[in-house]
Amino acid sequence: MSALPFWPHEASAYSAEIDHLALAFTVLIVLLSAPVFVLMIIFAVKYRRGRTADRRHPVNSRIGFEISWAVIPFAAMLVFYVWSTRLYFQQHHPPGNALEIQVVAKQWMWKFQHPGGQREINELHVPIGRPILLTLASQDVIHDLYVPALRLKQDVVPGRYTSLWFDADTVGVYRLQCSQFCGADHAVMGGYVHLLSPSDYARWLEQAGTDMSLASQGAALFRTRGCSGCHGAAATVKAPKLEGLFGHEVPLSDGSVVTADAQYIRDSILMPHAQVAAGYPDIMPTFQNVLAEDDVLKLVAYIKSLAAEPRSKP
Amino acid sequence: MTDVPINKRADPNDIRDRGLSETPEERASYLRAGHTLRSWFLTTDHKRIALLYLVSVTFFFFVGGIAAALIRIDLLTPEGDLLSNEGYNRAFTLHGVIMVWFFLIPSIPNTFGNFLIPLMIGAKDLAFPRLNLLSWYIYVIGGLCTLFVLVAGGVDTGWTFYTPLSSMFAHGQVVMAATAVFIVGFSSILTGLNFIVTIHKLRCPGMTWGRLPLFVWSHYATSLILVLATPVLSITLALIAAERLFGVGVFDPKLGGDPLLYQHLFWFYSHPAVYIMVLPGLGVVSELVTAAARKRVFGYWFVAGSSLAIAAVGFLVWGHHMFVAGQSMYASAVFSFLSLVVAVPSAVKVYNWTATLYKGQIAIDPPFLFAASFIGLFVFGGLTGLVLAMLAVDMHVHDTYFVIAHFHYIMVGGTVSAYFGALHFWWPKMFGRTYPMVWGRIMALLIYLGFNLTFFPQFILGYLGMPRRYHVYPPEWQVWNVLSSTGASILGIAYLLPFVYLLWSLRYGPPASANPWGAAGLEWTVPSPPPKENFVETPVVDYPAYNYPMEMEEGARG
Amino acid sequence: MEQARKRLATVWLALLALLALTVAGSFTVTGAASAVVSFGVAAAKVALIFWFFMQLRTEKGLIRVFAVGAIAWLAILLTLVTIDKVTR
Amino acid sequence: MVDQPYSTVLQQREAATMGMFVFLGTEIMLFGGMFAVALGLRLTHPREFVDSSMQLHVWIGAINTAVLLTSSAAVALAVHAVRARQFRATSVLFVIAAVLGVVFLGIKAFEYATEYREGLLLPPVGVQRLFMDLYLVSTGLHALHVTVGAGLLAAVAAFAPQRATLVENTGLFWHLVDAIWVFLYPVLYLAR
C-alpha cells in the first residue's frame, strides 16, 4: 500500500457498487455546487464596488428560477435515493444459504463462534465466495461491527440480535473495528477479518479444531444448566418441547402468535415471563444472570439443530 | 496619520484623533449608561445582556477549543501517546458538550439576536427584559456546572450520552454533565420564547412581516425549534440522571427496555438543534450578502419561507442518525427521503444569495469574505450531508471521520464563519469603533484556508474507514491526520487574531458613523453605539426590507 | 356574568361525566377499543379544558395556534417512533 | 401603567398571554418525552404493559382526577372573578384550588405508600419494573408541577389577586397541569 492512501480496499462486489454510488454522487455534488462557486467569484470580480459594469435591470425575484433550482436538484437526488435504498434493503435480506457465525461484543473485545464450534477472539476467519451471515449480540453496551473493506457496519445492541451479511470475493486480511463509542478502550476494540479461499478456510477450521460443534456445546449446556429437567424427553414438568420448534409459529398465552426465531428463543431464556407459550404455566425462571450472551447463542444453535427433528406430540 | 501621540487626548472632531477620545455618541450610548458592576450584572438592557453573552460564549469557545487542540495534538501520531484512552474520551466529550451547548447554540442568537432583533424591528427592548437577564444567569449556572465537571475529572460518554453506556457503565461525572445541559436548556427555552413574543408583538408601526429583515425571520424559525425541541432533551437527560442516581431506568435492555428509544428522543432534539446552530448563521449571511452587494435580496419570500421550512422539516429527519443503529429499515427509508427534502430549502437559500450578487455593488470587505466562506463551506457541508442521507453509503461512512468532517463544515465552517462575519459587520454598531479592514480580510482568508486544511482530509479518512472517537489508528492514515492538525493550528491562530485588532479598535479605532457600511435596516438609523433606549422616537417604516437604490434603464426611473 | 359562571359549572360537570365514562370503559372494553375510548375521552376532556377553562374560546386565532402547536409537534415524535417500532 | 418596551396596556397583556402559551407548549413537549417513552414501552411489550397497568389503583387515580378537575374549575371561576374586578372572590377561589392541589398531593402520597407496601414500587425484574419506573418518573414530575402550581396559586391569592394578567397566567399554568394529568391517567392507569 502506498504512503498516502486515497481509497479503501474493495473486498466484495457490494463494496464496488457502494464506491460507484459514492463516486457518481460526488459528480452530482460537483455539478450542483460548481455554479455557486464559479458565479460567486465571477460576480465578485465583475460587479466589484467602484467598477463600471452594466447593472441595469437587476432582478429581484423570478419564480421560474426558484422552482427550477428547488426541483431539479431534488429530482436528481431521487435517482440516488432509489439506488441506495435498494442496496440497503438488499443488505437487510440475507440469503437463506448463508454460513452463520455468532458474534458477541463486550467491553472491549469481539468473540466469534463458528457453527463447528471453533471460537476466536478479535480475529474472524471466513471463506470467500459464499454468503456469510453474522448474528450480533452485545454483553454490555452498544458496540458496532465495522469492516471498511466490505463497506458495512451494524450496531450491536444489548437486549436483541442484529445481523449483517456479506459475500466477499477477494482474499486478504482486512481491518474490523468498533465504530460505536463504547467506553474507555473503544479506540482499540478492533481486529482483523481473514477472507480465505474455501480450501484455506477448511484447513483453518481443521487446525482451529474443536471436539464439539456449536450445537453440541449448546446441548451440553442444555443438560448442565438444567434446561433438560423440564424441556427434556423424560421430563414430567409441563414445559414446551423444543424439537421442531425453531422457525415455526408459536401461539402465545395472550392469543397472539410469534415465529420462533433466534430473538424469540433468546428472550424466552432471559425474560421467560414476557412471551409464554399458550397452554403452559408461567413457571420458568430467568437465566438473565446465569448465562452470558455467547452461551445463549450456543443454546439457540442447539435448539435450531432440533428443528429438523419431528415435532413430538405434547 | 501616525503623528498623533497615543496618550494625548485630542479633539474628537479632528480626524487624526483616531478615536482616542470619547465621542458624543458614546457618551450617550448604552455602554456609558452606568459604570458600576451592578449596572451590568443587573441590567435588563438587551444590548448589555448581549455583551454579557458575547463574553461568556467566547470564554467557552476557547475552553472547547483547548479540548480540540488536545485532540488534534494527540492525533498527530497513530499511537495514543499524549492522552490515555480514558483521557482522550474525556477530551472529545467535553469538546462536544461545551461547543454544542455552551457555544454554538447560544452563539449567534444570544449575542447578535439579542442585540439586533429589537433594533431591527424598531423596539425598545425584548418583550420580557427580566426574563432575558434570567436566561443569562441560567446559562452561567449551567456553565459553572460544566466547569465543575471539567475540574472534577470530566465525563466519558461522548456528547450524545448514549444509554446504556451513560446510564450504567460510564465512570465520569455523567449526572453533573447532564445537569449542566439540562440547566442550559432552560436558558435556550427562555430566549426562544422571548424572541417569538418580541417578533410578534413589538414590531414598530409599518414593520409588517414582509418587511422584516431576513435575520429576524431566521431567528423566528430558530426560536420555534428552541421552544419545541429543547424540552424533549431536558426530559431525556433527566431520565438518564434518574437511572444513574436512583436506578429508575426506562431504557435498561436487561429489563426489556429499548436503548433505541433513547436515541429517538435524543435526536428528536439534537437534529433540530443542528438547525438551531445554523439557521441564525443563514440569517446573518442574508444580511451580509445584501449589504455587501448593496442590493435587495433575490427572492425575499423564498429565503424567508425557507427558514420556516427548514425549521419544520428539520423535525422530521432525526432518524438518519440511526440508520445502522438497528432501526427498522422501513423507518430508515422514510427518514432518508425526508432528509433529502430538508435539503431543498437550504439549496434555495444558497442559490438566492448567489443570484443576489448579480448586478450588485460588491465590496470585498471582511463581512463579505466571511459570508462567501460561509456559503462555500455550507454548500459543501450540506451536500456531503446528502451523502450521509443515502442509506447504503451511510452504512459505510456512519460514525467515521466523514461524519465529523461533514458536521464541522456546517457548524464550524458555517456557523462559526457566520459568527465572525456578524462580529465584523456589527462591531462598529455595537462599540462605535471601526477596526482595520485589512486584518479582518486576513483573518477571513486564514479561517477559510485553515478550515479546509483541517477538515477536508477528514472526509478522506472517513471514507478510508477511520471511526470517530479513535485516537489510536493505523499508521498509513497518519499523513492525513498530520495535515488536519496543521490546518487546526492555522485555524487556532486565526481565531486568536480578532482579540488583537478588535480589542485594539475599542480604544484606538476611528469612530464609526451611524451607518459605516451604507447598509439598509433600522439598526443603521441609530447612532453607533446606540443609545440605551434604542430609538428616541418610535420609528415608522413605509419601505420594504433592503431598500437599496436600483439602477434602472435610462429614463425608466422618472 | 351569571351565565358565564353557569357555563363553567356545566363544563365541570361534563368533565366529571367524561371521567366516569372512561373509568367505566376500562372495566368493559379491552385492546384497541379500550385505547380508542380512553384516549378519545382524554382528548375530549382536554379540549373542554383548553376551550372553556383556558379561554381559547375568546382568544385570537394566533393564540389558538400556539396552544395546539406543541401538540401537533408531539404528534410528529409519536408517529415516527411508532413507524420504527411497529416495522422493526 | 405600561412597562418599558410596550406602548399600550393591551399590547403588554397580549404579549404576556402569548408568552405563557409558548411556555405551556414547552411543558407539553417536556411531558411529551414521557408519553413517547410510554408509547415505545407499550408497543414493545403490549401484554406486560397492560398487566402492569392493571396493578395500579384505578379508583385512587379517578378520585385524584376529579380533585384536579374541580380545582381547575375553581381557577376558571377565579379568572372570571378577576375580570369582574371581584378580587376577594379571586383570592378565595385560588386558595380553594391550591388546597385541592395539596389534597391531590396527599392522595398521591397515600397511593405511593400503598404501592410500596404491596411491593409494586421497584419490583425486582422485567417489564413491570420498566413500567413502574415510567410511572414513578412521570407522576413524580407531574407532582412537582402540582407543588409549584399550588405554591403559585397561594402566593398570588395572598399578595396579588388584583393583577389580572398574573392571575390569568397562573390559572393557565394550573389548567395545563390538570390537562397533562388527564392524559397521564389513561396512559398509566387505564391500559387494557
Side-chain angles (χ1 to χ4, degrees), chain B residues 44-46 118 123-131 185-186 188-190 192-198 200-202 204-205 223-224 226-239 242-243 246-252 254-258 260-262 264-265 268-269 533-534 538, chain D residues 2-8 10-45 47-49 52 121-141 144 169:
Chain B
T44 53
D45 181 353
H46 66 103
K124 287 186 157 62
D125 205 324
L126 289 179
F128 308 111
R130 274 171 299 179
L131 210 57
F186 286 95
S188 298
I189 289 174
L190 294 181
L193 186 158
N194 221 337
F195 285 177
I196 290 176
V197 177
T198 305
H200 269 288
K201 288 291 162 205
L202 290 180
C204 68
S223 305
L224 290 178
L226 282 171
V227 299
L228 288 169
T230 316
V232 177
L233 176 76
S234 306
I235 189 72
T236 311
L237 292 177
L239 284 170
E243 181 159 2
F246 312 117
V248 179
V250 291
F251 304 120
D252 186 353
K254 282 220 163 38
L255 301 175
D258 183 5
L260 264 64
L261 188 57
Y262 168 83
H264 275 300
L265 293 174
F268 178 82
Y269 163 81
E533 68 279 14
N534 293 351
T538 306
Chain D
V2 186
D3 287 333
Q4 173 47 258
Y6 301 100
S7 42
T8 66
L10 181 66
Q11 186 191 27
Q12 183 168 1
R13 196 200 85 87
E14 286 182 351
T17 306
M18 178 181 274
M20 195 62 202
F21 270 101
V22 173
F23 176 72
L24 297 185
T26 69
E27 290 283 3
I28 291 173
M29 295 308 285
L30 186 78
F31 280 93
M34 298 306 309
F35 287 122
V37 171
L39 175 72
L41 195 55
R42 187 164 182 178
L43 288 173
T44 327
H45 306 285
R47 196 178 63 88
E48 295 99 313
F49 192 97
S52 315
L121 284 193
L122 306 185
V125 285
V127 176
Q128 194 183 5
R129 169 74 184 269
L130 291 182
F131 178 88
M132 291 310 291
D133 287 354
L134 168 72
Y135 164 82
L136 261 186
V137 176
S138 46
T139 56
L141 185 66
L144 186 69
N169 280 354

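These numbers come from the heavy atoms of this one structure, side chains and all, not from hydrogens, waters or symmetry mates.
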Please state whether the side chain, the backbone, both or neither of D/L141 comes within less than 4.5 Å of a heavy atom of chain B.
-> side chain
Pairwise side-chain contact, D/Q11 with B/L202, heavy-atom cut-off 4.5 Å (strictly under) | yes
Do B/L239 and D/V37 come within less than 4.5 Å of each other through their side chains, counting heavy atoms only?
-> yes
Between [X] and chain D, with a heavy-atom cut-off of 4.5 Å, which part of the residue counts as in contact: side chain, backbone, both or neither?
{"X": "B/L261", "answer": "side chain"}
{"X": "B/A127", "answer": "both"}
{"X": "B/L228", "answer": "both"}
{"X": "B/Y269", "answer": "neither"}

Gap separating the [atom1] atom of [X] from the [atom2] atom of [Y], nearest 0.5 angstrom:
{"X": "B/L255", "Y": "D/M132", "atom1": "CG", "atom2": "CE", "answer": "13.5 Å"}
{"X": "B/I235", "Y": "D/F35", "atom1": "CD1", "atom2": "CZ", "answer": "10.5 Å"}
{"X": "D/T44", "Y": "B/L260", "atom1": "OG1", "atom2": "CG", "answer": "10.0 Å"}
{"X": "D/E27", "Y": "B/I189", "atom1": "CD", "atom2": "CD1", "answer": "8.5 Å"}
{"X": "B/K201", "Y": "D/T8", "atom1": "NZ", "atom2": "OG1", "answer": "9.5 Å"}

Closest-packed option against chain D by number of heavy-atom pairs under 4.5 Å, given [options]:
{"options": "B/P118, B/A238, B/A242, B/G247", "answer": "B/G247"}
{"options": "B/N194, B/I196, B/D125", "answer": "B/D125"}
{"options": "B/V232, B/N534, B/D258", "answer": "B/V232"}
{"options": "B/T44, B/V197, B/L131", "answer": "B/V197"}

Result for side chain to side chain contact (heavy atoms under 4.5 Å, CB included) between D/T26 and one of B/L193, B/L226, B/V227 points to B/V227
Heavy-atom closest pair (D/H45 atom, B/G256 atom, distance to 0.1 Å) is NE2-O, 2.6 Å
Shortest non-hydrogen separation from D/P5 to B/K124 and the atoms involved = CA-CB, 4.3 Å
Is the side chain of D/D133 donor-acceptor paired with the backbone N or O of B/G249 at a distance under 3.5 Å, no angle test?
-> yes
